[in-house]
Amino acid sequence: MEYPLITLYESLYKSFGPQHWWPARTKFEIIAGAILTQQTTWKNVEKAIENLRKEHLLSVKNLGEAPLRKIEKLVRPVGYYRQKSKHLKGVSAYLLKHCRGDLNKFFRKETKTLRKELLMLRGIGKETADSILLYAGEKRVFVIDAYTRRVLQRLNLLVENDYDKIRRFFEKNLPKNIKIYREFHALLVKLGKEFCKRKPLCQSCPVLKEGLCPGKL
DNA sequence: ATCCAGGCCG
DNA sequence: CGGCCTGGAT
């Protein structure tokens, strides 16, 4: 197979269809969601986002200036809520200071620059930074998460388990198209969540049926 | 009564 | 590496 990633993408899209990922109203909501969703389920994130929305805290300025205790109470359902509250507030305060909360202006910079900038903030690691760049910044970077690594490993496509190497592997072997990056990442999450779990459900897995995966052992 | 989820920090 | 933490599934 010459282009295993493209083949996989087409197979997943055929099986699952478009995922309509990251239904957020604003860029800031995507940033907040990206931090909140670390190591938890999206279901819990939705509760936290709605709590923040009710208190009108889904803006750079309001969240950056909100009392930490108040944020903590609202985002509790996501877990690690004290750390995440601190991170949310810190990131907001940073954005307020550096672009007055104007995210369009913030994202106007070069991708590489933005990535470094985001990675300096506490609470934003590589995956979160790339999620923010791809979904809020509309930058063409591929997001690597635990699901992606696991799927790749089982397909025998994981040569090195280094974040940036895996990312470049995707970026080199796919059409340079933001929409495809978004859709593919979302499809991998769907696959990981429903079939390629810790204990995989190979029997019913569409990727196995397509002959793209060797299956268990 | 565990186990795990769309990680990150020190 | 351990610690951070809630909610749902097993």
Side-chain angles (χ1 to χ4, degrees), chain A residues 8-9 12-13 16 18-24 27-52 68-94 114-137 139 141-155 158 161-167 170 178 180-201 203-204 207:
Chain A
L8 176 63
Y9 171 71
L12 290 174
Y13 192 87
F16 299 141
Q19 296 300 298
H20 309 102
W21 237 44
W22 227 303
K27 292 182 187 301
F28 183 68
E29 192 173 320
I30 294 174
I31 294 173
I35 291 170
L36 290 170
T37 198
Q38 291 162 4
Q39 196 67 23
T40 192
T41 60
W42 185 255
K43 187 80 180 172
N44 293 336
V45 177
E46 283 180 327
K47 292 179 198 161
I49 293 275
E50 283 317 304
N51 289 342
L52 291 170
L68 201 52
R69 302 300 167 217
K70 184 174 183 183
I71 303 174
E72 288 178 353
K73 190 183 295 184
L74 299 170
V75 307
R76 201 159 184 275
V78 299
Y80 305 144
Y81 64 97
R82 284 183 294 194
Q83 291 200 111
K84 286 177 183 175
S85 296
K86 209 183 304 175
H87 296 157
L88 237 30
K89 178 161 171 147
V91 168
S92 303
Y94 176 89
L114 279 168
R115 194 165 193 268
K116 282 183 197 157
E117 199 174 343
L118 288 169
L119 286 174
M120 293 186 65
L121 302 176
R122 282 183 295 128
I124 299 184
K126 289 179 179 177
E127 180 185 338
T128 306
D130 289 342
S131 293
I132 291 171
L133 290 173
L134 179 63
Y135 291 100
K139 303 294 186 182
V141 293
F142 204 92
V143 178
I144 306 300
D145 54 28
Y147 290 141
T148 305
R149 291 177 199 237
R150 193 162 67 211
V151 171
L152 243 56
Q153 181 157 30
R154 289 179 176 160
L155 293 175
L158 191 64
N161 199 5
D162 172 82
Y163 185 97
D164 289 301
K165 286 183 179 167
I166 302 174
R167 179 168 62 85
F170 275 87
I178 292 178
I180 289 180
Y181 282 26
R182 289 178 170 173
E183 198 64 66
F184 198 3
H185 172 233
L187 287 164
L188 284 165
V189 171
K190 170 108 172 164
L191 177 68
K193 223 185 274 194
E194 297 190 359
F195 299 98
C196 206
K197 312 203 275 194
R198 304 277 286 250
K199 298 182 68 177
L201 304 176
Q203 281 72 353
S204 48
V207 176

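Protein chains get the first letters and strands the later ones, always in sequence-line order, with residue 1 at the start of each.
- Contact annotation for A:Thr40: base contact, defined as any heavy-atom pair under 4.0 Å involving a base atom.
- Listed by first residue number, the stems of DNA chain B with at least three Watson-Crick or G-U pairs below 3.5 Å are B:1-5 with C:6-10, B:7-10 with C:1-4.
- Taking atom CD1 on A:Ile35 and atom C1' on C:dC5, their separation rounds to 17 Å, with Å as the unit.
- Of the candidate nucleotides C:dC4, C:dT6, C:dG8, C:dG8 has the atom nearest to the side chain of A:Lys47.
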*Trace of the side-chain contact (heavy atoms from CB on, under 4.5 Å) decision for A:Phe170 with A:Val143*: CA-CA 9 Å; A:Phe170 275 87; A:Val143 178; over 6 Å; no

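- Per the stacking criterion (ring centres < 5.5 Å, plane angle < 30°), A:Tyr80 does not stack onto the base of C:dC5.
- Summarising the geometry, the separation between CZ on A:Arg122 and C1' on C:dC4 is reported as 14 Å, rounded to the nearest angstrom.
- Counting non-hydrogen atoms under 4.0 angstrom, A:Ile124 reaches the backbone sugars and phosphates but no base.
- Side-chain atoms of A:Tyr94 and A:Glu117 include a donor-acceptor pair closer than 3.5 Å.
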*Please report the C-alpha distance between A:Ile124 and A:His87 in whole Å, then the side-chain angles of each, then the deciding distance to 0.1 Å, and finally whether the side-chain contact (heavy atoms from CB on, under 4.5 Å) criterion is met.*
CA-CA 8 Å; A:Ile124 299 184; A:His87 296 157; over 6 Å; no

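- Here the P atom of nucleotide B:dC3 and the NZ atom of A:Lys193 are 22 Å apart, to the nearest Å.
- Within the 4.0 angstrom heavy-atom criterion, only backbone atoms of the sugar-phosphate kind lie near A:Leu121; the bases stay farther away.
- Using a 4.0 Å cut-off between charged nitrogen and carboxylate oxygen, A:Glu50 and A:Lys47 do not count as a salt-bridge pair.
- Nearest to the side-chain atoms of A:Gln39 among the listed nucleotides B:dG7, B:dC4, C:dT6 stands B:dG7.
- Listed nucleotides C:dT6, B:dC9, B:dC8 differ in distance to A:Tyr81; the shortest reach to its side chain belongs to C:dT6.
- Between A:Arg82 and the phosphate of C:dT6, there is no side-chain N or O to OP1/OP2 separation shorter than 4.0 Å.
- Checked against C:dC5, C:dG7, B:dA5, the side chain of A:Pro77 finds its nearest nucleotide in C:dG7.
- For A:Arg76, there are no salt bridge (Lys or Arg N to Asp or Glu O under 4.0 Å) partners, not counting sequence neighbours.
- Within 6.0 Å of atom NZ in A:Lys86, 12 or fewer heavy atoms from other residues, nucleotides or ligands are found, so the atom counts as exposed in its surroundings.
- Rounded to whole Å, the separation between the P atoms of C:dC5 and B:dG10 comes to 14 Å.
- Residue A:Asp130 contributes atom CG, which lies 14 Å from atom C1' of B:dC8 at whole-angstrom precision.
- Heavy atoms of A:Ala146 sit under 4.0 angstrom from primed sugar atoms or phosphate atoms, though from no base atom.
- Here A:Lys43 lies out of heavy-atom contact (under 4.0 Å) with every strand.
- Protein atom CD of A:Gln38 is 16 Å distant from nucleotide atom P of C:dT6, rounded to whole Å.
- When each of A:His87 and A:Ser131 is assigned the nucleotide of DNA chain B with its nearest heavy atom, A:Ser131 is the one assigned upstream, toward the 5' end.
- A donor-acceptor distance shorter than 3.5 angstrom exists from the side chain of A:Arg182 to the backbone of A:Leu134, with no hydrogens or angles considered.
- Distances were taken from every side-chain heavy atom of A:Arg198 (C-beta onward) to each of B:dC4, B:dG10, B:dG7; the shortest belongs to B:dC4.
- The phosphate of C:dT6 (OP1 or OP2) has a side-chain N or O of A:Arg76 nearer than 4.0 angstrom.
- Residues that satisfy the ring-ring contact (aromatic ring centres under 6.0 Å, His included) test with A:Trp22, not counting sequence neighbours, are A:Trp42, A:Tyr135.
- In this structure, A:Gln83 reaches the bases: a heavy-atom distance under 4.0 Å links it to at least one base atom across the strands shown.
- Counting non-hydrogen atoms under 4.0 angstrom, A:Arg150 reaches the backbone sugars and phosphates but no base.
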